[in-house]
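Protein chains get the first letters and strands the later ones, always in sequence-line order, with residue 1 at the start of each. Because the structure is a prediction, the values reported are computed rather than measured. Hydrogens, waters and symmetry mates play no part in the numbers below; they use all other heavy atoms, side chains included.
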2 protein chains.
Amino acid sequence: MAEKKSSKRARRPLTEIRQDNIDQILKAAERQFAETGFPGTTVAAIADAAGLPKPNVLYYFKSKEGLYRAVLKRILELWMEAMHDLSPDQHPREALRDYIVRKIRQSRDYPDASKIFAAEILHGAPYVREELEGPLKVQFDDTVEVIRAWIAKGWMDPVSPEHLLFTLWAATQSYADFGLQMRVLLERDELRDDDFDNGIELLTRLVLKGCGVKIV
Amino acid sequence: MAEKKSSKRARRPLTEIRQDNIDQILKAAERQFAETGFPGTTVAAIADAAGLPKPNVLYYFKSKEGLYRAVLKRILELWMEAMHDLSPDQHPREALRDYIVRKIRQSRDYPDASKIFAAEILHGAPYVREELEGPLKVQFDDTVEVIRAWIAKGWMDPVSPEHLLFTLWAATQSYADFGLQMRVLLERDELRDDDFDNGIELLTRLVLKGCGVKIV
DNA sequence: CCACCTTTTGACCACCTGGTCAAAAGGTGG
DNA sequence: CCACCTTTTGACCAGGTGGTCAAAAGGTGG
């Protein structure tokens, strides 16, 4: 407890103060937006959660929308990253399992990011339409091709690559987006690591066995 | 074009007027809430969409929240209905396939209902917590038992019934909730019937083959 | 046709929201 | 220590929101 992390007394250089405040605000904003959505979140609530007065938040981010866009940008990078690493040379046995593990871990570690993204799509993607049509589409097409290649090599059954991806996304992201429902139905206060592991196991089984990928 | 559907001139009995207006309002509200969420939807917008002045909407539903609750109630009934009809005597081969078909059809036919429900869960289920913990939990437990019975009879592999249901829900509902994303990635203006059919086919395959349910 | 109930509607309001501003406080570099 | 820049903050505001109200219009039953 050498020093308070809050802004009380602590002679800090401006650059550090700035970075620190921006981080605090982004963090608080991400949680608030995830909890109550964009229109349901008030700048005052974000400011409170970040421990700053409201005008201070508007000082760093010129508008609520600007702040939301900044949050979204962060999230999208994270999101795109997880789709990487499906290469046609890899065998689907490992590639798909790893992909499922990665995506479910993401749901466990960044549930707010997933929720904000889900709400965004749900409500017509008013702020991420471009990214959907641009970078994400490219990633998607590439990944579809990888799966096609696997099928061509006889490594898996000829299933629709597009819908396989949709199902993978839906199933893995639901561990974040519908985590509340799962908690209620499983009678848990919080999802546990073995809940996520069970999800991984089931989904891996469905996909590998269901697509006729040889396990050994 | 015998008569305008709007309220212009048409000597209609009060009871009919009442039912008609309530229906219009609920319909308009469902669409608006699905599009922009509860906080993002304005009573004025609902009134406009229903072709009525704002105070008229508040005349039938005492508050925005009351209207939202009414919309939710409708949706929940629809939602619970689809979980029915999994009986332990039925063979999972038909039962699961039918279930998938039913749920994806629901996503196709009532996307707004699915979206509202999804947003509700996403944001902490402030208005449906009770239903989750009550009726839905009961349904869930029953369904889990049915799947357990199938496993006990050796009709399918011993997989986690809970997570199987989570995956089924996620995958089927995503055809409504993430329909926009699918449309963008598939380069469609609207999802077509064969898109839904492909989803049904893939998911059925994953589940039946993946869970070791004998196809014949 | 008339007293009575339901529905419609324009005007209105208290409140909250995002955003502004200017002055004060704090940090910086010479 | 001082001129200068960045950050903080209380006071403030215009616009939009959910909701009210009272009066008018429309339907109903005898």
**OP:** Would you mind telling me which residue lines up with the more 5' stretch of DNA chain D, A:P55 or B:T42, judged by nearest nucleotide?
**Re:** A:P55
Subject >> Nearest-nucleotide 5' precedence on DNA chain D, B:F38 against A:Y59 >> reply: A:Y59
Original post:
Counting any heavy atom closer than 4.0 Å, what does B:P53 reach on the DNA or RNA strands: base, sugar-phosphate only, or nothing?
Top reply: sugar-phosphate
**OP:** Examine the side chains of A:N198 and B:S160 and answer whether a donor and an acceptor come within less than 3.5 Å of each other.
**Re:** no
Original post:
Applying side chain to side chain donor-acceptor pair (under 3.5 Å), which residue pairs with at least one partner in residues 35-50 of chain A are found, sequence neighbours left out?
Top reply: A:T36-A:T41
[X] [atom1] - [N] [atom2] separation (whole Å):
{"X": "A:L52", "N": "D:dT9", "atom1": "CG", "atom2": "P", "answer": "7 Å"}
{"X": "A:Q32", "N": "C:dG18", "atom1": "CD", "atom2": "P", "answer": "11 Å"}
{"X": "A:K64", "N": "C:dG19", "atom1": "NZ", "atom2": "P", "answer": "8 Å"}
{"X": "B:F61", "N": "C:dT8", "atom1": "CZ", "atom2": "P", "answer": "13 Å"}
{"X": "B:K62", "N": "D:dT20", "atom1": "NZ", "atom2": "P", "answer": "10 Å"}
{"X": "B:D20", "N": "C:dT7", "atom1": "CG", "atom2": "P", "answer": "12 Å"}
{"X": "A:I22", "N": "D:dT8", "atom1": "CD1", "atom2": "P", "answer": "10 Å"}
{"X": "B:I25", "N": "C:dT8", "atom1": "CD1", "atom2": "C1'", "answer": "12 Å"}

Original post:
Is a side-chain N or O of B:R97 found less than 3.5 angstrom from the main chain of B:T204, in a donor-acceptor match?
Top reply: no
**OP:** Answer yes or no: is there a donor N or O on one side and an acceptor on the other, between the side chain of B:N56 and the main chain of B:P53, under 3.5 Å?
**Re:** no
Original post:
Tell me, which pairs form a ring-ring contact (aromatic ring centres under 6.0 Å, His included) where one or both residues lie in residues 46-75 of chain B, sequence neighbours left out?
Top reply: B:F33-B:Y68, B:F38-B:Y68, B:Y68-B:Y127
Subject >> Inter-residue atom distance B:Q173.CD - B:S107.OG, 0.5 Å rounding >> reply: 6.0 Å
Subject >> B:I17 side chain, from C-beta outward: closest of C:dT7, D:dT20, C:dG19 >> reply: C:dT7
Subject >> Candidates C:dT8, C:dT20, D:dT7 - which lies nearest the side chain of B:Y60 >> reply: C:dT8
Subject >> Residue list, salt bridge (charged side-chain N to carboxylate O under 4.0 Å, His left out) with A:R148, at least two apart or on another chain >> reply: A:E145, A:E162
Subject >> Paired and unpaired positions of DNA chain C as dot-bracket, Watson-Crick or G-U wobble under 3.5 Å, | denoting a partner strand >> reply: ||||||||||||||||||||||||||||||
**OP:** Flag the pair A:F140 / A:F166 as yes when their ring centroid distance falls below 6.0 Å, and as no otherwise.
**Re:** yes
Original post:
For A:K27, which residues count as a side-chain contact (heavy atoms from CB on, under 4.5 Å) partner, sequence neighbours excluded?
Top reply: A:R31
Could you go over nucleotides 12-16 of chain D and give all protein N or O partners under 3.5 Å, atom names and distances?
none

Subject >> From CA spacing to verdict: side chain to side chain donor-acceptor pair (under 3.5 Å), A:D20, A:Q24 >> reply: CA-CA 6 Å; A:D20 226 59; A:Q24 285 295 326; 5.1 Å; no
Subject >> N or O in side chain of A:R18 less than 4.0 angstrom from D:dT6 OP1/OP2 >> reply: no
Original post:
Does OP1 or OP2 of C:dT7 have a side-chain N or O of B:N56 closer than 4.0 Å?
Top reply: no
